[in-house]
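Here the structure is a predicted model, which is why all the values come from computation and not from measurement. In what follows, every heavy atom counts, from backbone to side chain, and hydrogens, waters and symmetry copies are set aside.
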Amino acid sequence: MDIPRIFNISESAHRIHNPFTSEKLAALGAALRLEPETRVLDLGSGSGEMLCTWARDYRISGTGIDMSQLFTEQARLRAEDLGVADRVEFIHGDAAGFVTDEKVGLAACVGATWIGGGIAGTIELLAQSLRAGGIILIGEPYWLKLPPTEDVAKGCLAGSISDFLILPELLASFGHLGYDVVEMVLADPDSWDRYEAAKWLTMRRWLDANPNDDFAKDVRAQLTSEPERYAAYTRQYLGWGVFALMAR
């Protein structure tokens, strides 16, 4: 079980696998007013930066699940580096359908709502692990402005324009599901750049070290096309944010 190899290569040097900087991640933790000993569940936990830094800064504890074996190993190392390995656990596995035995105060799926088949299904899944009065975190893209054509949407790596909403519609959709939006922290152009552009150097370093790998042609094609594609499409049209929700 693993994610596609291109992500394990291009994001192998990332600590945060979304268009968020460490400063934004810290701002989100502070905005949520996390109480010490809050239990957190993170579906699609990546390299564990959210759980590890919040365990260090806010004394939370929790569990993360991710399909990438590499990222899960990195998360465990990060927990050791920050001295929080006794507070957080990382599981290599499929987060789809995962429900905790013990209810948590915060249940998150940040940037991986495919786990539940979309926003509604992911919220429904997270709610099964959440104690009464707890908070759900959803990380999700939205359109900064509607793409003028379906080709532009595909240039943003969306399947179609209908894949995402503009921000007011996304916020309203949470209400339609019976949730109040109680906080949000949004990506900005700089945090998008730090997420996307950091992949390019990682891919180049990988290509220099692995010129004869059978996958090198795929990595080369991605490195050649990605800077222009990102600047022309994603950077202009696509937003991203983390939204904190509480059931009404």
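- Of all heavy-atom pairs between Thr53 and Leu25, the closest is OG1-CD2, 4.0 Å.
- The 12-atom threshold is not exceeded at CZ of Phe7, counting heavy atoms of other residues, nucleotides or ligands nearer than 6.0 Å.
- Here the closest non-hydrogen pair linking Gly155 and Thr234 is O-OG1, 4.3 Å.
- Considering every non-hydrogen atom in both Tyr142 and Trp240, the closest pair reads CE2-N, 3.3 Å.
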When the side chains of residues 60-69 are checked against the rest of the protein, which donor-acceptor pairs come out under 3.5 Å, sequence neighbours left out?
residue	atom	partner	partner atom	Å
Ser61	OG	Arg39	NH1	3.3
Asp66	OD1	Ser68	N	2.9
Asp66	OD2	Ser45	N	3.3
Asp66	OD2	Gly46	N	2.8
Ser68	OG	Asn8	OD1	2.7
Ser68	OG	Leu70	N	3.4
Ser68	OG	Phe71	N	3.0
Gln69	NE2	Glu73	OE2	3.4

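- Residues Tyr195 and Glu11 bring a donor and an acceptor atom of their side chains to less than 3.5 Å of each other.
- Between Trp206 and Phe215, the ring-plane angle classifies as perpendicular under the 30° and 60° cut-offs.
- Remark: the backbone N or O of Gly159 is paired with a side-chain donor or acceptor of Lys154 at under 3.5 angstrom.
- One finds a salt bridge joining Glu37 and Arg87 here, because a Lys/Arg side-chain nitrogen approaches an Asp/Glu carboxylate oxygen to under 4.0 Å.
- Using a 4.5 Å heavy-atom cutoff, the side chains of Leu130 and Lys103 are not in contact.
- Under the salt bridge (Lys or Arg N to Asp or Glu O under 4.0 Å) criterion, Asp180 pairs with Arg248, not counting sequence neighbours.
- Ser47 and His14 form no side-chain donor-acceptor contact under 3.5 Å, judged by distance and modelled atom types alone.
- When only modelled atom types and interatomic distance are considered, Thr224 and Arg220 share a side-chain donor-acceptor pair under 3.5 Å.
- Atom CD of Glu150 has more than 12 heavy atoms from other residues, nucleotides or ligands within 6.0 Å.
- Note that CG of Leu126 is 9.0 Å distant from CG of Leu137, once rounded to the nearest 0.5 Å.
- Not one N or O on the side chain of Ser129 forms a donor-acceptor pair closer than 3.5 Å with the backbone of Val99.
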